[in-house]
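Report on the structure given below.
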Amino acid sequence: MKKQEIIICRNFKEEFAQALKSHHYDKLFILTDEHTHIQCLPLLENMDMECIKNAVRINVGPEDIHKNLETLAYVWSQLSEKGGTRRSLLVNLGGGMITDLGGFAAATFKRGISCINVPTTLLSMVDAAVGGKTGINFNDLKNEIGSFYPADQVLINGEFLKTLDQRNLLSGYAEMLKHGLISNVSHWAELLAFDLNHINYDELQELAGKSVEVKETIVEKDPTEQSIRKALNFGHTIGHAFESFSLHGNHPILHGYAVAWGMVCELYLSHLHAGFPKDKLHQTVRFIKDNYGRLDFTCDDYETLYNYMKHDKKNSASGIINFTLLGDVGDIRINQTASQEEIYELLDFYSETMG
Ligand code: GLY
């Protein structure tokens, strides 16, 4: 798989111009959704560059609901009808929905064209836009169709974070916290010390840069998730169950909130199975409780939650639930499992500590 260049921007205009120059393209396309079209595209247009003025804009509906075959077909048809060739370049300007969908459009149009990711949410900067996973939802299943197709460059520009509301910032921050837990104590500690109520955006961009490095190092070792990339699934087995549970109860929650709450349970399982230290467990749980609040469920919901976990696509054999656990901060144990009894115990722990 080709290597991806991650650029932590100091001067976005220069770095973006440089990234464009490194490609020998015949036509430039810029993909946005209805939000980034209004809030972020002007930043590119104000750069007063001829190639941006001449670029073909493709604008699609926002959010996960539009990450589907119909939107993908629209992007393909725009690329095709507006003169796209094998040597065209696609800029994906948006959150995870845009970098996933645009990345997959780039992977498949004319058997693959070059693309640059310009993530505009914290979640996409530290996760979705980095590491080459692209795809769409299909048949009600998330990311069912896709490929590994890294963008040539990913530009991390902290300026975009100022357009985000607190909930979306927190959602991205949960993935950063995950990167802290799977990397080292000093990064984990600085993440817990960061004041999410009075955000210093320069510091946040600095932390996001470190966070991307954690992901990059792991993806370089295992780009197609055969082994250590599973570390990036920490918090996600139970997190996805919380996400499905909330969605089906008509109270959808942001992905990062589900991951934060999933990490509370999976840290406790890490303590039970792998000896994760109690003090670090409680420090992390307190941070999550203080900043994310809690998800409401009762013991009557345990069976439903357990069934969602059983159907998670990270499980290879049916009925065996796969977890990534931690023996300590940075001590990763992949391919772990837990019994139904233990999972109910984790949910008890969650209810008692987060209540
Ligand atoms: N979001 C997890 C990964 O990229 O592997």
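Whatever order the structure lists them in is the order used to number ligands and atoms, beginning at 1.
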- Do the side chain of T337 and the main chain of N322 share a donor and acceptor less than 3.5 angstrom apart? no
- For ligand 1, is there an N or O atom under 3.5 Å from any N or O atom of R229? yes
- Under 3.5 Å donor-acceptor, Q166 side chain and L196 backbone: yes
- Task: Decide whether the shortest distance between a heavy atom of K215 and an atom of ligand 1 is less than 4.0 Å.
- Result: yes
- Message: So, applying ring pair (Phe, Tyr, Trp, His ring centres under 6.0 Å) with Y302, which one of Y308, Y344, F245, Y350 is it?
- Response: Y344
- Query: Between the main-chain N or O of H66 and the side-chain N or O of T71, is there a donor-acceptor pair closer than 3.5 Å?
  - Reply: yes
- Could you list the atoms of ligand 1 found under 4.0 angstrom from a heavy atom of E225? 5 (O)
- Considering distance alone, does some N or O of D127 sit under 3.5 Å from an N or O of ligand 1? yes
